[in-house]
Amino acid sequence: MFIGHFAVGFASKRLAPRTSLAALVAAAAFVDILWPIFVLLGIEVVRIDPGNTAMTPMDFVSYPWTHSLLMALAWGAAFGLAWRAATGDGRGAWVLAALVPSHWVLDFASHRPDLPLVPGAGPRLGLGLWNSIPATLAVEGALFVAGLAVYLATTRAANRKGTIGLWAFVAFLLAGYLGNLAQVPPSATAVAVAGLLASAISLPWIWWFDRNRELRPSPAASTASAAAPGAPPPRRG
Ligand SMILES: [Zn+2]
């Protein structure tokens, strides 16, 4: 999956409102951020195979260190612990640790049966949503709209950078997503380099617009402040 991972990152802002959206998206996409490095180092293998699925010409020959369920859980634990040590943000650490393996679940829905459970052994799984472009666009599109809606309900622009930066990024992301459909990359190396570049552009961009947005007052807090003095505070459902 591709924009589905962004959707999960955007939506998780509600669970960890004080954590930068860049960290949340980086966690949801973390194993895809590592993957190009592993491919360039020759530790994992991808082959260009037009028509492998309708959505992508990539044949994921071997990627147990980034895309097995066990390693996704391990990377998640490492990400959460590192975040906690670096920032002291305990709540964010838990959310980030859960976001990393969320990637495997979404990829399980979209990939052909090529995802291992553990490195080096066992069955390879995948439900193959990517065999259908319309089904993929419907599912990923709906996920993305929902994730973005949660983010917009959780934050509001603090200034124009917070509005323009967000929407320009959404346009950039969707253009890249749809543009990829029409292309067969020349080589696995080209795929890996493009992946690294995409992360290097996206994450600072996300960090920047998220910084220029602020949390909306929670509905409970605004109801409480609007209530008559002396009235009991509304119970949070
Ligand atoms: Zn992936």
Side-chain angles (χ1 to χ4, degrees), residues 1-12 22-41 43-49 52-79 96-120 122-133 135-137 139-141 143-144 147 173-174 176-181 183 185 188-203 206:
M1 203 164 272
F2 181 58
I3 57 172
H5 302 303
F6 284 82
V8 173
F10 273 95
S12 66
L24 299 168
V25 168
F30 189 60
V31 302
D32 277 357
I33 295 172
L34 291 179
W35 175 71
I37 301 167
F38 281 58
V39 168
L40 290 175
L41 292 174
I43 298 168
E44 298 194 335
V45 180
V46 64
R47 203 167 59 89
I48 305 302
D49 174 30
N52 189 271
T53 60
M55 276 302 285
T56 175
M58 285 186 275
D59 178 10
F60 301 95
V61 176
S62 164
Y63 53 177
W65 303 108
T66 58
H67 277 75
S68 65
L69 177 58
L70 182 69
M71 287 308 296
L73 290 164
W75 290 119
F79 199 119
L96 295 166
L99 281 169
V100 176
S102 81
H103 188 105
W104 193 92
V105 177
L106 292 187
D107 276 5
F108 166 69
S110 43
H111 284 226
R112 288 191 314 126
D114 59 22
L115 290 156
L117 288 171
V118 296
R124 309 219 308 162
L125 308 175
L127 298 178
L129 180 64
W130 274 354
N131 289 318
S132 163
I133 291 178
T136 301
L137 295 183
V139 171
E140 281 209 75
L143 269 175
F144 187 71
L173 186 68
L174 295 180
Y177 181 55
L178 297 175
N180 267 343
L181 281 180
Q183 278 174 19
T189 305
V191 171
V193 171
L196 287 178
L197 253 173
S199 303
I201 295 169
S202 298
L203 293 175
I206 294 171

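Order of appearance sets the numbers: ligands from 1, and atoms from 1 within every ligand. This one's a predicted model, so the numbers in the text were calculated from it and none came from an experiment.
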Taking the inter-plane angle between the rings of Phe2 and Tyr177 on a 0 to 90° scale, is it parallel (under 30°), tilted (30 to 60°) or perpendicular (over 60°)?
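Ring orientation, 0 to 90° scale: parallel.
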Asp107: which N/O/S atom is nearest the Zn ion (ligand 1)?
OD2
Suppose we only allow N, O or S atoms; which atom of Asp32 ends up nearest to the Zn ion (ligand 1)?
OD1
Is there a donor-acceptor contact under 3.5 Å from the side chain of Asn52 to the main chain of Asp49?
no
Using 2.8 Å as the threshold, say whether any N, O or S atom from His111 sits that close to the Zn ion (ligand 1).
no
Under 2.8 Å from the Zn ion (ligand 1), is there an N/O/S atom belonging to His67?
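So His67 does bind the Zn ion (ligand 1) by this criterion.
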Note: Leu127 and Ala109 closest approach over all heavy atoms is CB-O, 3.5 Å
Polar side chain donor-acceptor pair, Asp114 to His67, under 3.5 angstrom:
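Side chains of Asp114 and His67: no pair found under 3.5 Å.
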